[in-house]
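Note sheet for the following structure.
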Amino acid sequence: MRQKEELYLLFDKIVLENEDIRLSVLEGSRTNSNIPEDNFQDYDLSFFVTDIQKYTKHEDWLKVFGGEIIAMQKPEDMELFPSECENYYSYLMYFDDGIKLDLTIIPITFVDEYFSAADGLNKILIDKDNLAPANLHPSDRLYWIKRPSARSYDDCCNEFWHVSTYIAKAFARKEILYALHLFNQISRPELLRMMSWEIGIRCGFDFSLGKNYKFIDRYITPATFDNLMKTFSLDGYEKARNAFEQCCEMFRTYSKLIADKLGFDYPIYDKNLTAFSRKYYT
């Protein structure tokens with residue numbers, strides 16, 4: 001596998017040898033000093049160009065990145081999974097030496113739009129025309145745990161317990177795929193949100209738990225993490241129902257902790273809707 005130093009030199013070489021590439025920006029986890037570095041990290045790279053057609057009408061030019069491309073996805077050319085950035089063009093490339101490079105080609109006229117929507121994890125590699133904002137420093141601040149307001153806390157509880165009735169009804173109907181969809185897409189994410197708030201209260205609201213809370217195990221006990229893992233045991237109706245009950249119990253515990261620590265009122269949704277589900281859907 002090529003090392004990062006070699007690749008960064010290659011990226012710079014490509015930009016310097018092509019007059020119409022005016023700005024190159026590295027994005028994502030490789031710009032985040034709070035993420036442990038490893039060889040599995042992708043390279044997320046954007047080139048701002050004066051002639052986008054030169055880089056989109058054919059793929060031969062991608063040979064400048066070296067290695068053999070064994071698979072590639074071009075979101076802007078896809079019908080089933082279309083890209084949301086219609087003015088950009090992306091090449092998501094896997095190389096035979098283990099490198100994953102996500103390259104986005106952006107017309108230079110969209111540079112202001114790009115930076116206004118940026119998430120903060122952007123590092124300027126080469127800026128030929130001083131187009132990037134001054135004093136730009138990569139930061140994951142946008143992803144820090146956010147201290148909940150009383151309204152946000154209530155909204156989280158409201159969403160969790162209302163959706164719990166849909167899940168209970170789906171289990172009663174033996175519609176397990178529908179139940180699991182709601183469980184995976186709404187219930188567990190709201191549990192993780194509530195857990196993140198409790199972690200923020202203990203440890204501060206000045207750091208991120210990572211994408212999809214992937215670092216949450218660092219801030220809870222092994223026993224709590226084990227209980228969280230039990231909510232992922234969804235093999236069959238009985239296990240899935242038990243996982244759902246585990247999720248509800250954990251949400252109840254954490255939401256009461258938050259209410260106590262922040263002086264919020266614990267809402268009636270749990271009591272009333274849990275009783276409703278048990279009466280009509282069991």
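Nothing fancy with the numbering, it's 1 onward along the sequence.
Ser277 and Thr274 are not linked by any side-chain donor-acceptor pair at a separation below 3.5 angstrom, with hydrogens and angles left out of the test. Of the N and O atoms on the side chains of Tyr143 and Asn32, not one donor lies less than 3.5 Å from an acceptor on the other residue. A donor-acceptor pair shorter than 3.5 Å can be found between the side chains of Asp270 and Tyr266. Asn122 and Tyr114 are linked by a side-chain donor-acceptor pair at a separation below 3.5 angstrom, with hydrogens and angles left out of the test.
Aromatic ring centres of Tyr281 and Phe276 lie closer together than 6.0 Å. The distance between the ring centers of Phe171 and Tyr237 falls below 6.0 angstrom.
For Asp127 against Ala132, the heavy-atom pair with the smallest separation is OD2-N, 2.9 Å. Listed here is the closest heavy atom pair of Arg188 and Thr231: NH2-O, 2.8 Å. Tyr43 and Gln3 get closest at one heavy-atom pair: OH-C, 4.2 Å. Taking both residues in full, the closest heavy atoms of Met194 and Cys157 are given as CE-SG, 3.9 Å, listed atom of the first, atom of the second, then distance. The minimum heavy-atom distance linking Tyr88 with Pro107 is given by the pair CD2-CD, 4.5 Å. Between Leu234 and Asn184 the shortest heavy-atom distance is CD1-OD1, 3.6 Å.
Atom-to-atom distance recorded for Leu45:CG and Arg30:CZ is 11.5 Å, nearest 0.5 angstrom. Ser196 contributes atom OG, which lies 8.0 Å from atom CD1 of Ile258 (distance to the nearest 0.5 angstrom). Here the NZ-SG distance, from Lys230 to Cys247, works out to 14.0 Å after rounding to the nearest 0.5 Å. For the atom pair CD1 of Ile99 and CG of Asn39, the computed distance is 7.5 Å after rounding to the nearest 0.5 Å. With values rounded to the nearest 0.5 angstrom, Ile167 atom CD1 is found 3.0 Å from Ser187 atom OG. Interatomic distance, Thr104 OG1 to Phe48 CZ, rounded to the nearest 0.5 Å: 9.0 Å.
Looking at Arg241 and Glu238, no side-chain N of the basic residue comes within less than 4.0 Å of a carboxylate O on the acidic one, giving no salt bridge. A salt bridge between Lys54 and Asp20 is present, with a side-chain N of the basic residue lying under 4.0 Å from a carboxylate O of the acidic one. No salt bridge links Glu27 with Lys123; every basic N to acidic carboxylate O contact stays at or beyond 4.0 Å. Note on Asp155 versus Arg151: salt bridge recorded, some NZ/NE/NH1/NH2 to OD/OE distance being below 4.0 Å. One finds a salt bridge joining Lys74 and Glu59 here, because a Lys/Arg side-chain nitrogen approaches an Asp/Glu carboxylate oxygen to under 4.0 Å.
No side-chain heavy atom of Lys214 sits under 4.5 Å from any side-chain heavy atom of Leu209. Using a 4.5 Å heavy-atom cutoff, the side chains of Glu86 and Glu76 are not in contact. Two residues are said to be in side-chain contact when any heavy atoms from C-beta on lie closer than 4.5 Å; Glu249 and Asn227 fail this criterion. Residues Glu17 and Val64 have side chains not in contact (no heavy-atom distance under 4.5 Å, counting atoms from C-beta outward). Looking at heavy atoms from C-beta onward, Phe264 lies out of side-chain contact with Ser255 at the 4.5 angstrom threshold. A 4.5 Å side-chain heavy-atom check between Arg202 and Ile199 finds at least one atom pair inside the cut-off. The closest side-chain heavy-atom distance from Val111 to Phe115 is below 4.5 Å. Considering only heavy atoms from C-beta on, Lys128 comes within 4.5 Å of Val15 through its side chain.
Both the sub-6.0 Å distance and the 45° axial angle are not jointly satisfied by Arg2 relative to the ring of Phe65. Within the cation-pi definition used here (under 6.0 Å to the ring centroid, within 45° of the axis), Arg193 does not qualify as a partner of Tyr254.
Side-chain N or O atoms of Arg141 include none that pairs as donor or acceptor with a backbone N or O of Pro138 at under 3.5 Å. Using modelled atom types, one side-chain atom of Asp119 and one backbone atom of Leu121 make a donor-acceptor pair closer than 3.5 Å. Between the Asp96 side chain and the Glu68 main chain, a donor and an acceptor come within less than 3.5 Å of each other. Between the side chain of Thr282 and the main chain of Arg278, a donor-acceptor pair closer than 3.5 Å is present. Of the possible donor and acceptor atoms, one in the side chain of Lys146 sits under 3.5 Å from a partner among the backbone N and O of Leu142.
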>> Under the criterion ring pair (Phe, Tyr, Trp, His ring centres under 6.0 Å), I'd like the reasoning laid out for Tyr89 against Tyr91: C-alpha separation, chi angles, the key distance, then a yes or no.
In response: CA-CA 7 Å; Tyr89 197 89; Tyr91 295 100; 5.2 Å; yes

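Residues Leu23 and Ile14 do not share a hydrophobic cluster, defined by chaining ILVMFWY side chains whose heavy atoms lie under 4.5 Å apart. Under the 4.5 Å side-chain heavy-atom criterion for Ile, Leu, Val, Met, Phe, Trp and Tyr, Ile21 and Phe110 are members of distinct hydrophobic clusters. Ile268 and Leu262 fall within a single hydrophobic cluster, where Ile, Leu, Val, Met, Phe, Trp and Tyr side chains are chained together by heavy-atom contacts under 4.5 Å.
Using bins of under 30°, 30° to 60° and over 60° for the plane-to-plane angle, the ring pair Tyr153/Trp197 lands in the tilted bin. Ring geometry, Phe47 versus Trp61: the interplanar angle falls from 30° to 60°, so the pair is classed tilted.
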